[in-house]
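Right, one structure below, let's go through it.
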Amino acid sequence: MTVLLIDDDHEVLDASRQTLELEGFAVEATTRPEDALDRLGPSWPGVVVTDVRMPVLDGFALLERVRAADPEVPVVLVTGHGDIAMAMRAVRGGAYDFIEKPAEPGHLVEVVRRALEHRRLVLENRSLRAQLAGGGSLEARIIGRSAAIERLRAAVAGLADAEVDVLLFGETGTGKELIARSLHDAGRRRAGNFVALNCGALPDTIIESELFGHEPGAFTGAQGRRIGKLEHADGGTLFLDEIESMPMHLQVKLLRVLQERVIERVGGNRPIPLDLRVVAATKVDLLRLAGEGKFREDLYYRLNVVTVPLPPLRERREDVPLLLRHFLDAAAARARRPAPPVDAAAQARLAAHGWPGNVRELRNVAERMALGLGDGLAGGPVSGAGGGGIEPLAEQMDRIEKQLVEDALARCGGRVGETADKLGITRKTLYLKMRHHGLHRGDFTEE
């Protein structure tokens with residue numbers, strides 16, 4: 001990020017440059033505003049701090065030219081002739097801020113820091129939106145850049161046209177129905193129906209009829225023929241969510257369907273052949289349930305031809321900003337209001353959150369943020385912190401640092417030397433942080 005400093009007074013220009021450089025900012029200084037315009041554009045990572053009274057091109061004319069190149073480049077106007085009218089003109093013209101000469105160093109630094117943070121968020125949001133809009137069908141649907149999501153997308157792409165039933169395994173809120181739909185839409189069955197049934201949402205008394213359909217008079221109230229979910233999915237895909245909740249007597253019938261691709265409606269005798277794919281989903285260990293007598297072992301092995309694990313959000317935290325941008329834009333569109341910016345403090349709180357509800361929880365957070373309800377985390381800035389209050393900053397930063405160190409070590413395969421290089425710190429500093437956070441040296445390698 002760069003500060004483009006413009007002033008026709010060499011002494012003022014040098015003083016301002018030194019003030020900003022001492023604070024660690026990268027500064028490009030010039031007395032010719034017309035020369036500075038060539039570098040500006042939608043991807044330029046910086047802010048403009050310019051004098052108002054200059055020959056050839058004054059600050060207000062420069063502001064118009066900058067806004068023509070990119071209206072979201074922050075422009076800070078500086079003048080020794082400031083008054084209320086000029087300040088109002090600056091604001092109406094789109095200036096980020098207005099400072100009077102001589103600029104008090106602390107105030108100048110603070111304004112520039114805020115302007116750079118604003119620009120960083122603008123560019124980050126543009127990048128996220130470009131990735132969301134520019135990816136292929138699977139990239140646009142299964143959102144994320146983490147290694148876990150790359151593997152998941154590859155699995156979906158490889159299985160989409162495979163004529164095998166699939167078992168999805170993942171925690172609540174990890175997007176099992178999304179993956180099932182992606183398997184359907186990316187495969188040769190996309191022209192058929194995608195039919196979803198939550199096995200845990202229907203009472204035992206009607207789930208059989210929902211699955212297999214019924215003939216007239218099959219039971220009290222069955223006045224006409226009904227096509228069941230299995231038959232409706234003929235030529236397409238049947239998605240059975242929470243398969244562990246299916247009653248045992250129906251598991252026997254489902255096993256026959258999976259083996260023979262034939263059904264009989266409730267109250268009927270005519271076999272009906274089916275051509276469909278079954279995608280089942282569960283959040284529990286079905287083999288353990290089978291060992292406890294709560295799930296048929298033969299059905300488990302029939303479903304377990306291909307199992308696709310879905311990673312929890314806490315194991316792919318780097319995907320949170322991209323997912324949040326996607327959900328924020330969608331929620332803001334529904335609410336008919338602009339999507340709110342996400343400042344650095346909110347991003348840090350979201351990065352440190354445990355996400356027990358996974359992607360579904362993040363989507364709810366985005367809905368609340370779009371409605372202007374803070375960072376959207378239930379129970380306070382950091383969910384579960386001290387009875388729902390605000391957790392002390394030191395504890396928040398400590399937890400964030402631990403997560404960052406753990407993630408970096410994991411990405412570098414546990415190699416301490418490589419991790420230290422990536423983090424830009426010495427190996428000794430990294431070891432001190434590891435000891436502080438309870439990460440034992442013996443668990444990692446020295447490289």
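Only heavy atoms go into these numbers, but all of them, side chains included; no hydrogens, no water, no symmetry mates.
A salt bridge links Glu150 to Arg153: one of the charged nitrogens lies within less than 4.0 Å of a carboxylate oxygen. Ion pairing between Arg181 and Glu177 holds under the 4.0 Å rule for side-chain N and carboxylate O. Ion pairing between Arg53 and Asp7 fails under the 4.0 Å rule for side-chain N and carboxylate O. Under 4.0 Å is where a charged nitrogen must lie from a carboxylate oxygen, and between Arg314 and Glu171 at least one such pair does. A salt bridge does not link Arg189 with Asp161: none of the charged nitrogens is closer than 4.0 Å to a carboxylate oxygen. Ion pairing between Lys101 and Asp51 holds under the 4.0 Å rule for side-chain N and carboxylate O. At a threshold of 4.0 Å, the pair Asp298-Arg302 does not count as salt-bridged, since none of the basic side-chain nitrogens sits closer than that to a carboxylate oxygen.
Closest heavy-atom contact between Met246 and Leu240: CE-CD1, 4.3 Å. Nearest approach of Pro74 to Gly46, heavy atoms of both residues: CD-O, 4.0 Å. What you find for Ala157 and Leu138 is that their closest heavy atoms are CB-CD1, 3.8 Å. Taking all atoms of both residues into account, the shortest heavy-atom contact from Arg277 to Arg261 is CA-NH2, 4.4 Å. Nearest heavy atom pair, residue Ala339 against residue Leu328, reads CB-O, 4.2 Å. Between Thr419 and Cys412, the closest heavy-atom pair is OG1-CB, 3.3 Å.
Arg190 places a side-chain N or O within donor-acceptor distance of the main-chain N or O of Gly187, the cut-off being under 3.5 Å. A side-chain donor-acceptor contact under 3.5 Å links His184 to the backbone of Gly192. No side-chain donor-acceptor contact under 3.5 Å links Trp44 to the backbone of Thr2. Side-chain atoms of Asn193 do not come within 3.5 Å of backbone N or O of Val195 as any donor-acceptor pair. The backbone N or O of Thr31 lies less than 3.5 Å from no partner atom in the side chain of Asp8, so there is not a single donor-acceptor pair. At least one donor-acceptor pair under 3.5 Å links the side chain of Asn358 to the backbone N or O of Leu313.
A 4.5 Å side-chain heavy-atom check between Val47 and Val75 finds every atom pair outside the cut-off. Annotation: side chain of Lys176 is not in contact with side chain of Val279 (no heavy-atom distance under 4.5 Å). Side chains of Val78 and Thr50 form no contact here, defined as non-hydrogen atoms less than 4.5 Å apart. Side chains of Leu362 and Trp355 form a contact here, defined as non-hydrogen atoms less than 4.5 Å apart. Two residues are said to be in side-chain contact when any heavy atoms from C-beta on lie closer than 4.5 Å; Leu183 and Thr237 fail this criterion. The side-chain heavy atoms of Pro311 and Thr174, taken from C-beta on, include no pair separated by under 4.5 Å. Counting heavy atoms from C-beta outward, Val416 and Tyr431 have side chains that approach closer than 4.5 Å. Looking at Leu152 and Ile179, their side chains come closer than 4.5 Å, going by heavy atoms from C-beta outward.
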### Task
Kindly determine whether Ile142 and Ser182 satisfy side-chain contact (heavy atoms from CB on, under 4.5 Å), including the steps that lead there.
CA-CA 8 Å; Ile142 306 173; Ser182 298; 3.9 Å; yes

#### Entry: Residue pair Val48, Val73: steps toward the side-chain contact (heavy atoms from CB on, under 4.5 Å) verdict
CA-CA 8 Å; Val48 176; Val73 170; 4.2 Å; yes

### salt bridge (charged side-chain N to carboxylate O under 4.0 Å, His left out) assessment of Glu117 paired with Arg120
CA-CA 5 Å; Glu117 174 63 13; Arg120 184 188 67 79; 2.7 Å; yes

### Query
Step by step, would you call Arg119 with Glu72 a salt bridge (charged side-chain N to carboxylate O under 4.0 Å, His left out)?
CA-CA 7 Å; Arg119 183 61 174 168; Glu72 292 186 287; 5.8 Å; no

### Task
Please lay out, stage by stage, how Leu286 and Ile243 fare under the test side-chain contact (heavy atoms from CB on, under 4.5 Å).
CA-CA 9 Å; Leu286 292 181; Ile243 187 70; 4.1 Å; yes

### Task
Would you sort out whether His326 and Arg363 count as a side-chain contact (heavy atoms from CB on, under 4.5 Å), showing the intermediate values?
CA-CA 9 Å; His326 169 71; Arg363 184 179 60 204; over 6 Å; no

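Atom-to-atom distance recorded for Ile143:CD1 and Leu323:CG is 5.5 Å, nearest 0.5 angstrom. The OG atom of Ser245 lies 12.0 Å from the NZ atom of Lys294; values are rounded to the nearest 0.5 Å. To the nearest 0.5 angstrom, Leu77 atom CG is 12.0 Å from Glu100 atom CD. Glu401 contributes atom CD, which lies 6.5 Å from atom NE2 of His436 (distance to the nearest 0.5 angstrom). Atom-to-atom distance recorded for Gln251:CD and Tyr300:OH is 13.5 Å, nearest 0.5 angstrom. Going from atom CG of Leu57 over to atom CZ of Arg65 covers 5.5 Å, rounded to the nearest 0.5 Å.
For Arg435, the CZ atom counts as loosely surrounded, since its 6.0 Å shell holds 12 or fewer non-hydrogen atoms of other residues, nucleotides or ligands. Atom CD of Glu297 is surrounded by 12 or fewer heavy atoms from other residues, nucleotides or ligands within 6.0 Å. Around the CD atom of Glu292, the shell of radius 6.0 Å holds more than 12 heavy atoms that belong to other residues, nucleotides or ligands.
Remark: of the listed residues Val27, Asp97, Val76, Leu20, Leu20 is the sole one forming a side chain to side chain contact (heavy atoms under 4.5 Å, CB included) with Val112.
When only modelled atom types and interatomic distance are considered, Glu244 and Thr282 share a side-chain donor-acceptor pair under 3.5 Å. With 3.5 Å as the limit, one finds a donor-acceptor pair spanning the side chains of Thr307 and Asn304. A donor-acceptor contact under 3.5 angstrom links the side chains of Thr429 and Thr426, judged on distance only.
Remark: Phe327 pairs with no residue by the ring-ring contact (aromatic ring centres under 6.0 Å, His included) rule, at least two apart or across chains. For Phe25, the ring-ring contact (aromatic ring centres under 6.0 Å, His included) criterion is met by no residue, not counting sequence neighbours.
Aromatic ring pairs are classed by plane angle as parallel below 30°, tilted from 30° to 60° and perpendicular above 60°; the pair Phe239 and Phe194 is parallel.
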